[in-house]
Amino acid sequence: GESVGLHLPTLSVQEGDNSIINCAYSNSASDYFIWYKQESGKGPQFIIDIRSNMDKRQGQRVTVLLNKTVKHLSLQIAATQPGDSAVYFCAERTGGFKTIFGAGTRLFVKA
Amino acid sequence: ETGVTQSPTHLIKTRGQQVTLRCSSQSGHNTVSWYQQALGQGPQFIFQYYREEENGRGNFPPRFSGLQFPNYSSELNVNALELDDSALYLCASSRTIDTQYFGPGTRLTVL
């Protein structure tokens with residue numbers, strides 16, 4: 001399949017460690033935030049979301065933190081596995097229809 | 001799998017030609033959004049369709065147009081293709097403003 005994110009920031013972690021991927025968003029009026037995972041040759045896959053009236057949300061092995069003061073979003077992955085290797089995108093939505101994606105971070109998990 | 005399908009998987013066209021890409025949304029989803037993803041970048045919002053009407057548009061010229069059908073499937077049409085139109089075209093479906101689920105994309109190459 002095609003390569004996604006040839007020149008993206010890269011985070012390299014050891015299998016079993018926790019990963020933290022950070023994202024700065026642009027619009028203080030954004031009210032909904034999403035993290036997507038994209039593997040080579042595939043479309044983005046929904047991981048977790050959070051609304052602007054929350055500052056933390058947990059899923060299975062993942063946690064999203066939202067700091068509206070500094071317009072910062074982070075994705076924490078616990079006990080990172082080789083299958084977590086992919087490009088991760090944060091996305092923000094304002095007004096209900098237009099979703100704006102960040103540039104992406106490549107996560108590389110070392111076995 | 002998200003239940004969102006796209007066709008064709010790959011397509012090669014020459015400059016000046018026209019192309020039509022197709023998307024079938026997930027069952028129960030009435031909203032379809034289209035994105036363009038250039039190599040090494042995040043997806044860029046093209047437009048969204050809701051109940052067969054364009055519901056919002058990103059910063060793309062009028063030669064990018066679309067349709068949504070009564071069964072909520074959708075087409076993206078691009079006229080007068082340019083080299084810079086080479087990208088992965090992604091379709092995402094949702095129930096109104098709920099979470100969007102992406103298809104695998106169509107890889108368009110313009111020569």
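Order of the sequence lines fixes the chain letters, A, B, ..., with proteins taken first and strands second; residue numbering starts at 1 for each chain. Model, not experiment: these values are computed from the prediction.
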Under 4.5 Å between side-chain heavy atoms, counting indirect links through other Ile/Leu/Val/Met/Phe/Trp/Tyr residues: same cluster for B:Val4 and B:Tyr89 or not?
no
If I measure from the heavy atoms of chain A, does B:Tyr35 come under 4.5 Å with its side chain, its backbone, both, or neither?
side chain
Quick check on B:Gln6 against chain A: is it the side chain, the backbone, both or neither that has a heavy atom closer than 4.5 Å?
neither
With rounding to the nearest 0.5 angstrom, report the [atom1] to [atom2] distance, [X] to [Y].
X        : Y       : atom1 : atom2 : result
A:Arg93  : B:Phe45 : CZ    : CZ    : 10.5 Å
A:Thr99  : B:Gln48 : OG1   : CD    : 7.5 Å
A:Phe101 : B:Gln37 : CZ    : CD    : 8.0 Å
B:Thr99  : A:Ile47 : OG1   : CD1   : 12.5 Å
B:Asn59  : A:Lys98 : CG    : NZ    : 7.0 Å

Are side-chain heavy atoms of A:Pro44 and B:Leu90 found at a separation under 4.5 Å?
yes
Could you check whether any side-chain heavy atom of A:Gln38 comes within less than 4.5 Å of a side-chain heavy atom of B:Leu88, counting everything from C-beta outward?
yes
Report, as yes or no, whether the 6.0 Å neighbourhood of atom CZ on B:Arg63 holds more than 12 heavy atoms from other residues, nucleotides or ligands.
yes
Heavy-atom count check: over 12 atoms from other residues, nucleotides or ligands less than 6.0 Å from A:Gln14 CD?
yes
How about B:Phe102 and A:Tyr36: are their ring centres within less than 6.0 Å of each other?
yes
